[in-house]
Participant: 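The structure under discussion is supplied below as structure tokens; questions concerning it will follow.
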Amino acid sequence: MQLTINKISPTKGYSLSSQKKNTSEVSTSTNSSSRSSSIYYNILSFKGYYGDKQPVKKLFYHLTGRNRVYEDKWTQTKLVQAGIKKWVNAHPIELIKRSAEQAIQSICTITKPNKSSPKIPAKIQTPNFGNNWGRNANYIEINPRVIAKYSDGKITDGLLQVIKLLPAIPTSPNSAANCIVLSQLYPTHFGDGTTKSDSLYTIDLHTGISNNLTCEGLWGKVGADEQVKAFNDLAHLMGFKTGFRMVLSSGQLRVQGKDFSWKEHEKAFIDACIWGIELGFDSIYFDSAKHIIDPNGYLGVGELPNKKQMAYILHKIREETRRNDLSFIGEKCDDRNVFKKMGFTAGTDWSKADNYNSVKWESLKQSNSREYAAGPEVSNDNDDGTRSYKERLERLKNCLFAFNNIANKLPSYMQLHDLMPLAPQLNTHDLMMKAKQIKASEAWTECERHWDGVFATTPQADEHRNKVYNVFKNFIRMFG
């Protein structure tokens with residue numbers, strides 16, 4: 001992507017009014033290896049989001065040198081429509097090769113009122129589905145590192161790349177939110193922002209936003225926190241809720257490069273979660289949450305928080321952010337009441353999504369709980385890529401339609417791969433475990449060669465994507 005960044009004074013409609021830095025970024029610059037992690041963490045001053053109040057406008061200005069948003073004619077030729085809901089039908093490779101400018105204009109074109117010109121609203125709020133929206137939501141996980149920009153050993157621009165896909169992901173029905181969950185927000189332990197970066201199941205807290213996500217061309221112009229907030233605002237404008245993944249295993253966590261322990265660093269973990277919510281996210285997916293009470297099959301490294309501690313953590317996040325509408329998803333958490341008591345909203349326990357009657361029975365069995373439910377998966381981050389398109393489509397249908405009453409619909413969990421199939425040699429688990437640069441074509445740039453190899457290009461993959469769109473269209477037509 002080529003950025004057009006000119007030294008032009010902002011015109012009417014946008015002002016570079018916010019000169020404050022977020023305090024977590026300021027505090028990390030004073031790191032000293034002579035301090036212990038617990039002592040050093042105590043001097044952090046966590047204050048929340050201090051970026052620009054209109055980060056999308058700021059982002060667009062620094063991408064284009066202008067404030068005016070033009071109608072995207074390409075978008076108008078590819079619209080999918082179900083009632084008043086709209087998105088585009090385009091191959092993901094075509095989408096990620098568009099510019100960020102075009103992507104933002106596409107979103108504004110899709111969401112503009114009829115007979116009006118597209119524009120970036122002055123105030124963008126998260127879609128209102130009530131406080132318990134997460135209990136019925138469809139969670140779609142996207143790994144930004146997979147579709148990021150690869151160049152000279154660096155991995156960058158993950159957020160801009162996800163923004164490019166947003167116009168082609170089915171928007172939320174009125175009756176159940178579609179929630180985009182990012183596989184990564186904070187840096188990994190080693191090599192973050194490079195092709196040597198390690199597993200996304202490792203997180204270094206309070207060291208800023210991952211370089212895999214942010215754009216080098218915007219450094220010094222649009223802060224990392226503002227880029228994240230702009231992503232969330234654009235997703236909200238499209239009608240999505242948003243979330244990010246957090247691990248719970250102590251051996252997979254660090255605080256500013258220091259070893260993590262649940263005894264010492266509970267507050268550091270809570271503050272990192274709160275920081276994500278302050279940046280505009282609506283939910284957090286907690287890896288290994290099941291094993292808080294069930295050690296069987298635990299594959300993480302190190303201890304987990306105990307049941308009482310996890311309940312306190314979720315309570316504090318809601319309390320400190322003053323948001324009762326947050327959704328907390330627990331990996332493989334089942335329908336036991338203990339997960340509801342801890343404060344979870346949704347669990348992803350059921351691998352029985354192939355069976356319509358099984359999902360419908362679970363929907364009926366859990367219908368008395370309005371705050372928490374465990375739902376089926378189309379696939380998860382451990383998907384080996386071998387499941388057929390037919391199986392994925394059946395699972396999606398069962399996730400969306402297996403209930404007697406729409407109010408009893410279970411939460412569902414899926415990967416971008418289930419909507420926009422990855423290339424056959426790729427699978428979600430390997431891509432979580434390591435950065436993988438692909439050289440699939442003779443394209444001019446490294447990043448284009450990589451993008452050419454990420455998604456499946458067969459007629460069968462295109463047919464699957466179209467069938468997925470039809471499933472969501474039918475859901476919207478039937479249930480609003």
Side-chain angles (χ1 to χ4, degrees), residues 1-6 8 10 14 51-52 54-75 78 87-88 90-112 118-121 124 142-151 154-169 180 182 184 193 209-238 240 242 279-280 416 420 443-448 450-451 454-455:
M1 181 191 69
Q2 184 176 0
L3 299 181
T4 306
I5 303 175
N6 302 316
I8 305 172
Y14 178 70
D52 198 275
Q54 298 183 54
V56 178
K57 288 189 175 182
K58 183 175 181 179
L59 173 65
F60 187 76
Y61 173 78
H62 281 290
L63 288 169
T64 66
R66 68 173 196 273
N67 293 304
R68 184 178 176 183
V69 176
Y70 294 104
E71 186 141 350
D72 192 73
K73 301 298 183 183
W74 176 91
T75 296
K78 296 182 179 292
W87 61 91
V88 301
H91 196 283
I93 294 178
E94 182 179 10
L95 290 162
I96 58 178
K97 286 187 176 181
R98 302 188 85 214
S99 68
E101 171 191 356
Q102 290 171 320
I104 294 172
Q105 293 189 148
S106 181
I107 292 170
C108 293
T109 299
I110 291 169
T111 58
K112 74 180 181 68
K119 63 179 182 179
I120 300 170
I124 302 172
I142 300 178
N143 182 344
R145 187 169 70 177
V146 176
I147 56 174
K149 179 181 176 181
Y150 285 69
S151 181
K154 295 180 181 178
I155 304 175
T156 61
D157 292 34
L159 286 173
L160 292 182
Q161 292 302 104
V162 178
I163 287 170
K164 294 176 186 180
L165 292 183
L166 292 180
I169 300 173
I180 306 297
L182 299 185
Q184 181 183 27
I209 305 301
S210 170
N211 288 330
N212 292 332
L213 302 182
T214 55
C215 174
E216 282 186 306
L218 295 172
W219 288 356
K221 301 176 178 67
V222 183
D225 56 338
E226 292 171 319
Q227 292 181 46
V228 176
K229 187 66 167 60
F231 159 77
N232 279 312
D233 282 358
L234 286 165
H236 291 156
L237 189 58
M238 273 293 296
F240 299 114
T242 59
L279 294 179
L416 180 67
M420 301 176 180
W444 184 254
T445 66
E446 275 187 85
C447 53
E448 287 181 324
H450 172 77
W451 296 334
V454 168
F455 292 101

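Below, all heavy atoms of this structure are taken into account, side chains as well, without hydrogens, waters or symmetry copies.
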Participant: Between R66 and E101, does any NZ, NE, NH1 or NH2 come within less than 4.0 Å of an OD or OE carboxylate oxygen?
Facilitator: yes
Participant: Under the side-chain hydrogen bond (donor to acceptor under 3.5 Å, both in side chains) test, which residues partner Q227, sequence neighbours left out?
Facilitator: none
Participant: Check whether Q102 reaches the backbone of D72 with its side chain - one donor and one acceptor, N or O, closer than 3.5 Å.
Facilitator: no
Participant: Give the minimum heavy-atom separation between T214 and A224, together with the two atoms involved.
Facilitator: CG2-CB, 3.8 Å
Participant: Hey, what do you get for CG (L165) to CZ (F455), rounding to the nearest 0.5 Å?
Facilitator: 5.5 Å
Participant: So, E216 and K149, do they make that salt bridge, N to O below 4.0 Å?
Facilitator: no
Participant: Using 0.5 Å steps for rounding, measure from the CG atom of L59 to the CG atom of D52.
Facilitator: 10.5 Å
Participant: Any donor-acceptor pair under 3.5 Å linking the side chain of W451 with the backbone of A148?
Facilitator: yes
Participant: Determine whether a donor-acceptor pair (N or O, by modelled atom type, separation under 3.5 Å) exists between the side chain of K164 and the backbone of R98.
Facilitator: yes
Participant: Of all the heavy-atom pairs spanning A168 and L95, show the shortest one and how long it is.
Facilitator: CB-CD1, 3.3 Å
Participant: If we ignore hydrogens and angles and just use 3.5 Å, is the side chain of T75 paired with the main-chain N or O of T109 as donor and acceptor?
Facilitator: no
Participant: Which heavy atom of P121 sits nearest a heavy atom of L237, and at what distance?
Facilitator: CG-CD1, 3.8 Å
Participant: Would you check if the side chain of N212 reaches a backbone N or O of T156 as a donor-acceptor pair within less than 3.5 Å?
Facilitator: no
Participant: If you compare all heavy atoms of L166 against all heavy atoms of M238, which two are closest, and at what distance to 0.1 Å?
Facilitator: O-CE, 3.5 Å
Participant: Say whether, by atom type as modelled, one donor and one acceptor occur between the side chain of E226 and the main chain of P55 under 3.5 angstrom.
Facilitator: no
Participant: Within this structure, what is the NZ-OG distance for the pair K73 and S106, rounded to the nearest 0.5 Å?
Facilitator: 13.0 Å
Participant: What I'd like to find out is whether the side chain of C215 reaches to under 4.5 Å of the side chain of L159, using heavy atoms alone.
Facilitator: no
Participant: How far apart are the closest heavy atoms of I110 and P167, and which atoms are they?
Facilitator: CD1-CB, 3.7 Å
Participant: Just to verify, which of N143, I142, I147 counts as forming a side-chain contact (heavy atoms from CB on, under 4.5 Å) with R145?
Facilitator: N143
Participant: Would a distance-only check, ignoring hydrogens and angles, find a side-chain to backbone donor-acceptor pair under 3.5 Å from H236 to N232?
Facilitator: yes
Participant: How many angstroms lie between CD in Q184 and CD1 in I209, if you round to the nearest 0.5 Å?
Facilitator: 10.0 Å
Participant: Just to verify, which of V69, L234, N67 counts as forming a side-chain contact (heavy atoms from CB on, under 4.5 Å) with F60?
Facilitator: V69
Participant: List in chain and number order the residues that pass side-chain hydrogen bond (donor to acceptor under 3.5 Å, both in side chains) with K119, two or more places apart in sequence or in another chain; answer none if no residue qualifies.
Facilitator: none
Participant: Looking only at heavy atoms, which two atoms of K97 and E448 are closest? And how far apart?
Facilitator: CE-O, 4.2 Å
Participant: Distance from W87 atom CH2 to I169 atom CD1, nearest 0.5 Å?
Facilitator: 11.5 Å
Participant: Tell me every residue that passes salt bridge (Lys or Arg N to Asp or Glu O under 4.0 Å) with K78, counting only those two or more places apart in sequence or in another chain.
Facilitator: none
Participant: Is the backbone N or O of V146 less than 3.5 Å from a side-chain atom of H450, with the two atoms forming a donor-acceptor pair by type?
Facilitator: yes
Participant: With rounding to the nearest 0.5 Å, note down the distance linking CG in L63 to NZ in K221.
Facilitator: 11.0 Å
